[in-house]
*Asks:* 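Starting off with a structure, shown below.
Please read all numbers here as calculations on a predicted model, not as lab measurements. Each chain gets a letter, A, B and so on, in the order its sequence line appears, and its residues count up from 1.
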Amino acid sequence: SQQGEEDPQALSIQEGENATMNCSYKTSINNLQWYRQNSGRGLVHLILIRSNEREKHSGRLRVTLDTSKKSSSLLITASRAADTASYFCATVPNSGNTPLVFGKGTRLSVIA
Amino acid sequence: DSGVTQTPKHLITATGQRVTLRCSPRSGDLSVYWYQQSLDQGLQFLIQYYNGEERAKGNILERFSAQQFPDLHSELNLSSLELGDSALYFCASSEDGNEQFFGPGTRLTVL
């Protein structure tokens, strides 16, 4: 079963706007990662945030992690049409033998 | 290009058949992971190998099996195929067990 739950399931914005996606998870984690998937293609790793970190930046991406609420958010600033994709959060649990547990993803559409 | 290759890209077969999917990890990566992605189940972890040994097992059916060879490439064998096995199958590799690099996937259609 999925550990992560992304919210919203789908998001449609205009080019230049910011996009925020949220992820909630259930068990304690070692780290949380965000991946991007263009339609029908392989996933691409975007960013990793460890359980002792609260915020991380990479280019136009900003990720926050709140372990007390078991939640994370991914912010994409100044979005572009090329950002259109599905975005998945994935957690590395502290226990159990599943290396990465993926959510069902947020489908982002950026309209030019 | 992630450096992970998967063959074939597409596979169409009939129920009851057996297929083999192949994956070559990035150079130097010892870990290989297999995932199944379907519309209703999302991305499901199947199995992980590390340097030829099974390391972790997820939601892999008994009809499915995998192995990793000495050259580190991996194969996923799916047998007694059912309509519900139609999905995208991804292989990923990792050096440190954190960031995973995904291949382009094999789209399996069972008719």
*Asks:* Should B:L88 and B:Y33 be counted in the same cluster of Ile, Leu, Val, Met, Phe, Trp and Tyr side chains packed under 4.5 Å apart?
*Replies:*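 Yes, B:L88 connects to B:Y33 through the hydrophobic network.
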*Asks:* Is there a chain of hydrophobic side chains (I, L, V, M, F, W, Y, each step under 4.5 Å between heavy atoms) that links A:L65 to A:V63?
*Replies:* yes
*Asks:* Any donor and acceptor pair, going by atom type alone, linking the side chain of A:Y35 with main-chain N or O of B:Q100 inside 3.5 Å?
*Replies:* yes
*Asks:* Closest approach of B:R107 and A:G40, non-hydrogen atoms and distance?
*Replies:* NH2-CA, 4.2 Å
*Asks:* Does any backbone or side-chain atom of B:Q6 lie under 4.5 Å from a heavy atom of chain A? Answer side chain, backbone, both or neither.
*Replies:* neither
*Asks:* Please check if atom CD in A:E53 has more than 12 non-hydrogen atoms from other residues, nucleotides or ligands closer than 6.0 Å.
*Replies:*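 Yes, CD of A:E53 has more than 12 neighbouring heavy atoms, counting only those of other groups under 6.0 Å.
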*Asks:* So which atom in A:R41 and which in B:F90 form the shortest heavy-atom distance, rounded to 0.1 Å?
*Replies:* O-CZ, 3.3 Å
*Asks:* Quick one: pull up CG in B:L39 and NZ in A:K104 and give me the separation to the nearest 0.5 Å.
*Replies:*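 Reported to 0.5 Å precision, the distance equals 10.0 Å.
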*Asks:* When you look at CZ of B:R63, are more than 12 heavy atoms from neighbouring residues, nucleotides or ligands closer to it than 6.0 Å?
*Replies:*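 For B:R63, atom CZ is crowded (more than 12 foreign heavy atoms under 6.0 Å).
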*Asks:* To the nearest 0.5 Å, tell me how far A:R36 CZ sits from B:F102 CZ.
*Replies:*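 Atom-to-atom, A:R36:CZ and B:F102:CZ are 15.0 Å apart.
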*Asks:* With a 4.5 Å limit on heavy-atom distance, are the side chains of A:L100 and B:L43 in contact?
*Replies:*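 No, too far: nothing below the 4.5 Å cut-off.
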*Asks:* Does one hydrophobic cluster hold both B:V4 and B:L21, with members joined at side-chain heavy-atom distances below 4.5 Å?
*Replies:*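 As far as the 4.5 Å side-chain criterion goes, B:L21 and B:V4 are not connected within one cluster.
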*Asks:* In terms of heavy-atom proximity below 4.5 Å to chain B, should A:L48 be classed as side chain, backbone, both, or neither?
*Replies:*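 Contact with chain B involves the side chain of A:L48 alone.
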*Asks:* Report yes if the side chains of A:I47 and B:E99 come closer than 4.5 Å at any heavy-atom pair, otherwise no.
*Replies:* no
*Asks:* So what's closer than 4.5 Å to chain A heavy atoms on B:Y35: side chain, backbone, both or neither?
*Replies:* side chain
*Asks:* Treating Ile, Leu, Val, Met, Phe, Trp and Tyr as nodes and any side-chain heavy-atom pair under 4.5 angstrom as an edge, say whether B:W34 and A:F102 lie in one connected cluster.
*Replies:*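 Cluster IDs for B:W34 and A:F102 differ.
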*Asks:* Would B:I47 and B:L72 show up in the same hydrophobic cluster when neighbours are defined by side-chain heavy atoms closer than 4.5 Å?
*Replies:* no
